[in-house]
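Down below is the structure, laid out as structure tokens.
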There are 2 protein chains.
Amino acid sequence: MTIPLRDTTTAPRRCTHDYQVSCSNCRLGTICLPLALEADAIDQLDEIIQRGRPLQKGDHLYRESDDFKSVFAVRSGSFKAYRTTDDGREQVTGFYFPGEVMGMDGIAKNSHACSAKALETAAVCEIPFNSLSDLSVKMPTLQRHFFQLMSREITEDQQLITLLSKNTAEERIAALMLSISSRNARRKLSATNFRLPMSRIDIGNYLGLTVETVSRVFSRLQKLEVLQVSNKEIEILDLKALQDVANVIIETE
Amino acid sequence: MTIPLRDTTTAPRRCTHDYQVSCSNCRLGTICLPLALEADAIDQLDEIIQRGRPLQKGDHLYRESDDFKSVFAVRSGSFKAYRTTDDGREQVTGFYFPGEVMGMDGIAKNSHACSAKALETAAVCEIPFNSLSDLSVKMPTLQRHFFQLMSREITEDQQLITLLSKNTAEERIAALMLSISSRNARRKLSATNFRLPMSRIDIGNYLGLTVETVSRVFSRLQKLEVLQVSNKEIEILDLKALQDVANVIIETE
DNA sequence: GCCGTTACTTGACCTGCATCAAGACCAACC
DNA sequence: GGTTGGTCTTGATGCAGGTCAAGTAACGGC
């Protein structure tokens, strides 16, 4: 069940989201990439985008092998995407924050390859893929836009691959903290103080570590006065030191 | 420097590649997904596709941060894609065989995120991305086709992520052997006897293992009479056992 | 053929993280 | 208040795979 995003007849020509993004004339969050869309394109997109129903913590946005119908831009809250391995375990493949787009894993087979679960109360924009395809055909800019979005997903996955295959536990955790920090900064939120929406279990799962290791690394980084950790509340005390620990350059775009 | 794939005026309406693929009316190798293209579409694609110059072992097809202009379908030979980490090490992100498409990592930033290097003498089809985009605008089927290709790349990367974060050395190697085997089968080559085009170093790098471990695992699997390994020549002696070792279902499509 | 170089294998040892185990904290609920 | 069930932390121990080292096989160049 979806309701229209807004009444387009009276709508102002600016971002209607709950957060501010750099592109001043975009209504789509980070679907908004360097390549800005013309006003005309935005109006047409508005026609097809719908506001998804609100989700509570633990609710699924979609599940593995569900029919693929739409991609989703996160409006508020956060999500984890995960796939279930053949022997029934879970592999977290990504965390999604406001302004990020999820669900593109479903295009290949017309059914979702991952499940997406809300980590807290959350809201999304639903973008029906068929409409998006049709519109892309009419609007080459949008098509390229969307290609870029998918390509970006590929490069991000490849960064995770590198992290998993080359880096130590401390480097992985530090890299994740830096990634969350920079995604916060992008949304004009604090880059140094934030609340982790996900559990230690999810962090460990995502980074290929056990909960115990995650916990130990947090303790160690706290002892070194790099981070201040109290349960889910994180404060980056020494950004430079954290970057040194990560030993990886996290893109700050 | 590229030369036209073939003289379209006299061309027969069938696959012109060095290998056979399942889709009988496609000239593009595995760009050919379940979604078959109409004859009309194929003719139009033919117009924009070019045969790339032949590559020798060690030659680069493109390098990290090269301008992104085209994607490439492998015609013969094989490639590895890799990215260089901030501290100068290499991370192999994939191997590409005939009929597979590479280079889509470049779309996001209009410059390649990976380098691609020939593992042996190789040939490719070059598909200029601008032409492809333009054509997709005219041909919705082609657009969807290409979206699927990219989405597939995402799911494959996610499988690798899972492999790296959850599986043992033996499981990883077994999974890679099964993957190569099934990709061979797809090209109507032997699924049990093949030559690995890549070095142990590359295998280790790709799977997040050291050369020594790769070597030891091969020896162990040989002792167990699962594989026959002589340098790069592999024979799968016991497919069922190999699948058990992998503990992961490898898609055979 | 010989030589130099690089790829591969095997062994001995060591370490980072997993595993096992116990306890602390926290929130929900009766 | 107490109980229950989850998440998080910390310690003790073990092992898969990394590191170091030495040797062998394969491949090119001359």
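Scope of the values below: all heavy atoms of this structure, side chains included, with no hydrogens, waters or symmetry mates. Naming: A, B, ... by sequence-line order, numbering from 1 per chain.
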### Task
Please assess B:K117 against B:E90 for the test salt bridge (Lys or Arg N to Asp or Glu O under 4.0 Å), listing each intermediate value before the final yes or no.
CA-CA 12 Å; B:K117 193 190 246 184; B:E90 202 175 276; 5.4 Å; no
### Task
May I ask you to say what B:G204 touches in the nucleic acid, namely base, sugar-phosphate or nothing, with a heavy-atom cut-off under 4.0 Å?
nothing
### Query
For every nucleotide of nucleotides 3-10 of chain C, 5' to 3': is a protein heavy atom under 4.0 Å from its base (B), only from its sugar-phosphate (S), or from neither (-)?
-----SBB
In residues 55-62 of chain B, what donor-acceptor pairs under 3.5 Å come from side-chain atoms, sequence neighbours left out?
residue, atom, partner, partner atom, Å
B:D59, OD2, B:Q56, N, 2.8
B:H60, ND1, B:R63, NH2, 3.3
B:H60, NE2, B:Y82, OH, 2.6
B:Y62, OH, B:G103, N, 3.2

#### Entry: Residues from residues 163-173 of chain B lying under 4.0 Å of DNA chain D - heavy atoms
B:T168, B:A169
### Message
Reading DNA chain D from 5' to 3', where do the contacts with chain B start and stop? Cut-off is 4.0 Å to heavy atoms.
### Response
D:dG17 to D:dA26
#### Entry: Residue list, side chain to side chain contact (heavy atoms under 4.5 Å, CB included) with A:V245, at least two apart or on another chain
A:E170, A:A174, A:L221
### Query
Taking only residues two or more places apart in sequence or in another chain, which ones pass side-chain hydrogen bond (donor to acceptor under 3.5 Å, both in side chains) with B:T192?
B:S190
### Message
In this structure, how many angstroms lie between the P atom of C:dA18 and the CG atom of A:N205, rounded?
### Response
12 Å
### Task
For A:D87, enumerate each residue passing the side-chain hydrogen bond (donor to acceptor under 3.5 Å, both in side chains) test, keeping only those at least two apart in sequence or located in another chain.
A:T85, A:R89
### Query
Mind checking what makes side chain to side chain contact (heavy atoms under 4.5 Å, CB included) contact with B:V211, not counting sequence neighbours?
B:R200, B:I201
## Note on the structure
Residue set satisfying salt bridge (Lys or Arg N to Asp or Glu O under 4.0 Å) with A:R172, at least two apart, ordered chain then number -> none
### Task
Just jot down the salt bridge (Lys or Arg N to Asp or Glu O under 4.0 Å) partners of B:E120, sequence neighbours excluded, or say none.
none
### Query
Among side-chain atoms of B:K166 and A:N205, is any donor-acceptor pair under 3.5 angstrom?
yes
### Message
Going by the rule side chain to side chain contact (heavy atoms under 4.5 Å, CB included), which residues pair with A:T213 if we only count those two or more places apart in sequence or in a different chain?
### Response
A:A169, A:L209, A:T210, A:V217
### Query
Quick check: does any side chain N or O of B:D105 sit under 3.5 Å from a backbone N or O of B:C114, one acting as donor and the other as acceptor?
yes
### Task
Show the numbers, then the answer: is there a side chain to side chain contact (heavy atoms under 4.5 Å, CB included) between A:F218 and A:I234?
CA-CA 10 Å; A:F218 274 135; A:I234 299 285; 4.0 Å; yes
### Message
Taking the ring of B:F95 and the ring of B:F79, is the distance between their centroids below 6.0 Å?
### Response
no
### Task
Describe, as an angle rounded to 10 degrees, how the axis at the first end of the helix from C:dG1-D:dC30 to C:dC30-D:dG1 is tilted relative to the axis at the last end, five pairs per end.
40°
